[in-house]
**Student:** 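Would you mind keeping the following structure in view while I ask a few things?
Quick note on labels: first sequence line is chain A, next is B, and so on, each numbered from 1.
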Number of protein chains: 2
Amino acid sequence: MTTPEPERDESEFLARYDPRDYDPVSVTVDVVALTIRDGALHVLLVRRGGPPYEGMWALPGGFVHAGGQAGADAEDLPDAAVRELAEETGLSAKGGVIGRVHLEQLGTYGAPGRDPRMRVISVAYLAFAPELPDPEAGGDAADAAWVPVGALGLTESAAQRPGTTRRLAFDHARILSDGLERARGKLEYTPLATAFCGGEFTIPELRSVYEAVWGEELHAGNFHRKVLSVPGFVESTGETSDRGGRRGGPRPRLYRPGDARLLHPALLRPSREEQIR
Amino acid sequence: MTTPEPERDESEFLARYDPRDYDPVSVTVDVVALTIRDGALHVLLVRRGGPPYEGMWALPGGFVHAGGQAGADAEDLPDAAVRELAEETGLSAKGGVIGRVHLEQLGTYGAPGRDPRMRVISVAYLAFAPELPDPEAGGDAADAAWVPVGALGLTESAAQRPGTTRRLAFDHARILSDGLERARGKLEYTPLATAFCGGEFTIPELRSVYEAVWGEELHAGNFHRKVLSVPGFVESTGETSDRGGRRGGPRPRLYRPGDARLLHPALLRPSREEQIR
DNA sequence: AAAATAGTGTCTCTGAGACAGTATGAG
DNA sequence: CTCATACTGTCTCAGAGACACTATTTT
C-alpha cells in the first residue's frame with residue numbers, strides 16, 4: 001500500500017494486474033426497472049434460485065458478455081442492460097414495448113466483498129417503463145415479479161421492523177435506494193415522467209406518476225397549469241379520454257410527450273426543505 | 001442471441017461467463033480532476049509514456065486492485081480513485097490537501113473497442129480540488145500537468161480546427177466532457193463550488209469559480225446577495241481579506257463553507273434556454 | 001341528487017435580474 | 001485623483017402555491 005518508491009510500485013502494480021494473466025474481475029449489469037401499477041411505484045425483482053442469497057429477492061441482472069480475447073461477442077453496457085431486462089420480462093429487446101423504456105446508467109458498485117464468491121463490479125442501470133405485463137421467471141430465477149416499492153420498507157431506514165422488510169440480496173437495497181432517489185430527482189427537471197405513461201396520457205395520469213414516485217399528493221389545479229406552462233413538456237392530441245375521473249368529473253384531455261429534454265422552469269417537489277443539510 | 005428456449009440460453013450463458021475460468025475483463029479507474037488556476041478551469045492530465053496512444057494526453061487512472069482469489073489487496077473503487085489521484089499529483093492520500101478534495105463517481109464507460117488491447121471497463125470519478133501544486137510525472141507517465149480546459153477545444157465540438165484540438169487518448173474526451181457537464185450542473189444545486197476554494201474565501205472568489213466553470217460572467221451584486229440568501233451555503237468568519245480587489249475596491253469579507261448539502265433555492269445558470277430541447 | 005374531478009381565474013409572496021448608488025482601496 | 005471593486009437598495013417581472021369557482025361526469 002504505502003511504498004517509498006512510487007516508480008517501482010507502479011511498474012510492479014502494472015505487471016501484477018495485467019488482466020490477461022491474472023486477477024479476474026467480473027462485471028455484471030443490474031437493472032432498477034421502475035413502473036407504475038395501480039397508482040403505486042413498483043420495481044422488477046427476481047427471486048434467486050441458487051446460492052448465494054438463495055430464495056431472496058434481487059434486482060435482475062447478469063454478467064456482461066465480455067467477448068473473450070477475440071472480442072467476438074462483446075456487448076456494450078447499455079445493450080447488456082436491455083438484454084437482461086428483456087430476458088426477465090419475456091419481452092423482445094428490439095422494437096415493441098421495450099423500445100419505449102427509458103434507460104440510463106445509475107452508478108457502479110464495486111466494494112470488495114459485495115459478492116461473497118469473488119470480486120464483482122456491478123454497473124447499475126435505471127429504467128422507467130410504462131405498465132408492462134407480469135414477468136416470467138426464466139433461467140436460474142425462481143420467481144420474477146413487479147413488487148411495490150413501499151412493501152420493501154426502504155424509505156425509513158430506521159423504522160424497519162425486521163420482519164416487515166423484505167431484504168434484498170447483495171447490496172441491491174442500496175442500489176434500489178439510489179435508483180429511487182435518482183428517479184425522484186429526474187422527475188423534477190426532466191420530462192421523464194411521461195416514460196411511465198403510454199403513448200398518450202392525461203394530466204391527472206401524469207400527476208399520479210409524480211405522486212407515486214415522490215410519495216406525496218400534489219395540488220391538482222396548480223399541477224395542471226404548471227405542466228401546460230412548461231414549454232415542450234406535453235403536446236395536446238386534440239382528443240379527450242373516453243372516461244371521466246374514477247369517481248366522476250369531466251373527461252380529461254389527452255396529451256403526448258413533447259420535445260423538451262429539460263423542464264424549464266423545473267417542477268420542484270414540495271418537501272425538500274428537510275433534506276437540504 | 002435470439003433462442004426459442006430462454007432457460008437453456010440462460011444456463012448456457014452462466015456456464016460460459018463464469019469469470020473464474022474464462023473471459024477476463026479489466027477494470028480501471030479514471031479521474032477527471034478539476035481545479036481553478038488563474039481564474040480558469042484546469043484538468044489534470046498525464047502524457048502517456050507507452051502504447052497505445054503513446055505521447056497523447058489522457059486522464060490519470062489505472063487498474064483497480066482486484067485482490068485475486070484471496071481478495072487480500074482488494075480496494076474499493078473510491079479508494080482506487082484517491083490512490084490514482086495521489087500518485088499522479090505526488091500528494092499523500094491520507095490527510096493533507098487531498099483530504100479536502102471532493103470526489104464523486106461520474107460514470108462507467110465500457111464500450112467494446114474503447115481500449116484496443118482488450119476489454120476494459122473504466123469507472124470514471126470526478127474530483128473538485130482547490131489549487132494544488134504542479135504534479136510530478138510518475139510511473140509510466142511521460143508528463144503530468146494541469147491543463148486549461150479551454151485549450152482542449154471541447155466546448156464547440158463542431159468548430160474544432162484539427163490542429164487546435166489536443167486530442168485525448170481512448171474515450172477520455174467524452175469522459176472529460178461528461179465531467180464538465182456534471183460539474184456545471186453540480187454548481188447549480190450544491191455548494192460544491194466551495195470545494196474549489198481553500199478553507200476560507202471571499203464572495204468574489206466564489207463568483208470567479210462559477211464564472212470559470214460556467215464560462216460566463218455573472219452579475220457581481222446579484223450573485224453576492226444570492227449567495228448570502230441561501231441558507232447554509234457560506235458562513236461568515238468575521239474577518240476580512242487583507243487585500244482589496246485586484247484593481248481596487250474595499251477589502252472583501254471572508255467566509256467558510258456552510259453546512260448545507262443542497263442549495264435552496266438553486267443558483268441556476270443564466271444561459272440554459274438553448275439547451276432545453 | 002350527491003360527490004368527485006377537470007380545468008381556469010385570481011391573489012399573494014418569494015425570488016431573479018436589471019439598475020443605481022455608496023463606500024473603500026489600488027495604482 | 002481616477003477607477004475598479006464590494007456591497008446594498010430598489011424596482012419589475014416571472015413563477016409557485018393557496019384558494020375559489022364552474023362545468024362535467026360517475027355513482
Side-chain angles (χ1 to χ4, degrees), chain A residues 39 187-189 200-211 214 216-234 236-255 260 262-273 276, chain B residues 39 187-189 200-211 214 216-234 236-255 260 262-273 276:
Chain A
L187 259 54
E188 289 192 310
Y189 55 92
E200 296 188 350
F201 50 88
T202 67
I203 304 286
E205 280 169 6
L206 189 65
R207 175 165 50 85
S208 81
V209 170
Y210 276 89
E211 290 175 336
W214 285 352
E216 53 190 324
E217 293 198 347
L218 301 176
H219 187 289
N222 288 338
F223 180 86
H224 192 105
R225 182 168 2 92
K226 170 72 182 174
V227 167
L228 294 186
S229 78
V230 175
F233 192 178
V234 298
S236 176
T237 67
E239 309 290 313
T240 67
S241 172
D242 54 354
R243 279 259 318 163
R246 282 172 305 178
R247 284 175 293 205
R251 293 195 292 238
R253 304 195 186 106
L254 285 172
Y255 295 86
L262 289 174
L263 300 184
H264 186 78
L267 250 149
L268 301 177
R269 357 178 197 174
S271 59
R272 278 190 80 174
E273 306 289 334
I276 289 175
Chain B
L187 258 56
E188 289 191 310
Y189 54 92
E200 297 188 349
F201 51 88
T202 67
I203 304 286
E205 281 169 6
L206 190 64
R207 176 165 48 85
S208 81
V209 170
Y210 275 90
E211 290 174 335
W214 286 351
E216 53 189 324
E217 291 198 347
L218 300 175
H219 187 288
N222 288 337
F223 181 86
H224 193 105
R225 183 167 2 91
K226 170 71 183 176
V227 167
L228 294 184
S229 77
V230 175
F233 192 177
V234 298
S236 176
T237 67
E239 308 290 314
T240 66
S241 173
D242 54 355
R243 279 261 316 167
R246 281 171 306 177
R247 284 175 292 203
R251 292 194 293 239
R253 305 195 186 105
L254 285 172
Y255 295 87
L262 290 174
L263 300 185
H264 187 77
L267 250 149
L268 301 177
R269 357 175 197 176
S271 60
R272 279 192 81 175
E273 306 288 334
I276 289 174

**Student:** If every non-hydrogen atom of Glu188(A) is compared with every non-hydrogen atom of Leu268(A), which pair is closest and at what distance?
**Tutor:** OE2-CA, 3.6 Å
**Student:** Can you measure His264(B) atom NE2 to dG15(D) atom P for me and round it to whole angstrom units?
**Tutor:** 17 Å
**Student:** Flag yes if more than 12 heavy atoms outside Glu217(B) fall under 6.0 Å of its CD atom; otherwise flag no.
**Tutor:** no
**Student:** Taking all heavy atoms of Arg243(A) and all of Pro252(A), pick out the closest pair and write down the distance.
**Tutor:** O-CD, 3.4 Å
**Student:** Does OP1 or OP2 of dA26(C) have a side-chain N or O of Arg247(B) closer than 4.0 Å?
**Tutor:** no
**Student:** Output the rounded distance in Å from CG (Leu206(B)) to C1' (dA6(D)).
**Tutor:** 15 Å
**Student:** Quick one: is dG27(C) close enough that its OP1 or OP2 comes under 4.0 Å of any side-chain N or O from Arg246(B)?
**Tutor:** no
**Student:** Please enumerate all protein N or O atoms sitting under 3.5 Å from an N or O of nucleotides 8-13 of chain C, with distances to 0.1 Å.
**Tutor:**
from    : atom 1 : to        : atom 2 : distance (Å)
dG9(C)  : O6     : Arg225(A) : NH2    : 3.0
dT10(C) : O4     : Arg225(A) : NH2    : 3.3

**Student:** Rounded to the Å, how far apart are Arg269(B) CZ and dG17(C) P?
**Tutor:** 13 Å
**Student:** Rounded off to whole Å, could you give me the OH-to-P distance for the Tyr189(B) and dG15(C) pair?
**Tutor:** 21 Å
**Student:** Within the 4.5 Å heavy-atom criterion, are Val209(A) and Phe201(A) side-chain neighbours or not?
**Tutor:** no
**Student:** To the side chain of Arg243(B), which of dG15(C), dA6(C), dG27(C) is closest?
**Tutor:** dG27(C)
**Student:** Output all residues satisfying side chain to side chain contact (heavy atoms under 4.5 Å, CB included) with Ser236(A), sequence neighbours left out; order by chain, then residue number.
**Tutor:** Tyr255(A)
**Student:** Does any part of the side chain of Thr240(B), heavy atoms only, come nearer than 4.5 Å to the side chain of Leu254(B), both counted from C-beta?
**Tutor:** no
**Student:** For Tyr210(B), which residues count as a ring-ring contact (aromatic ring centres under 6.0 Å, His included) partner, sequence neighbours excluded?
**Tutor:** Trp214(B), Phe223(B)
**Student:** Of the candidate nucleotides dT5(D), dA6(C), dA26(C), which contains the atom at the shortest distance from the side chain of Pro252(A)?
**Tutor:** dA6(C)
**Student:** Specify the separation, in whole Å, of atom CD of Glu217(B) and atom C1' of dT5(D).
**Tutor:** 14 Å
**Student:** Let me know the distance between CD of Glu205(A) and P of dT5(C), rounded to the nearest Å.
**Tutor:** 14 Å
**Student:** Take atom CD1 of Ile203(A) and atom P of dG7(C), then tell me their distance rounded to the nearest Å.
**Tutor:** 7 Å
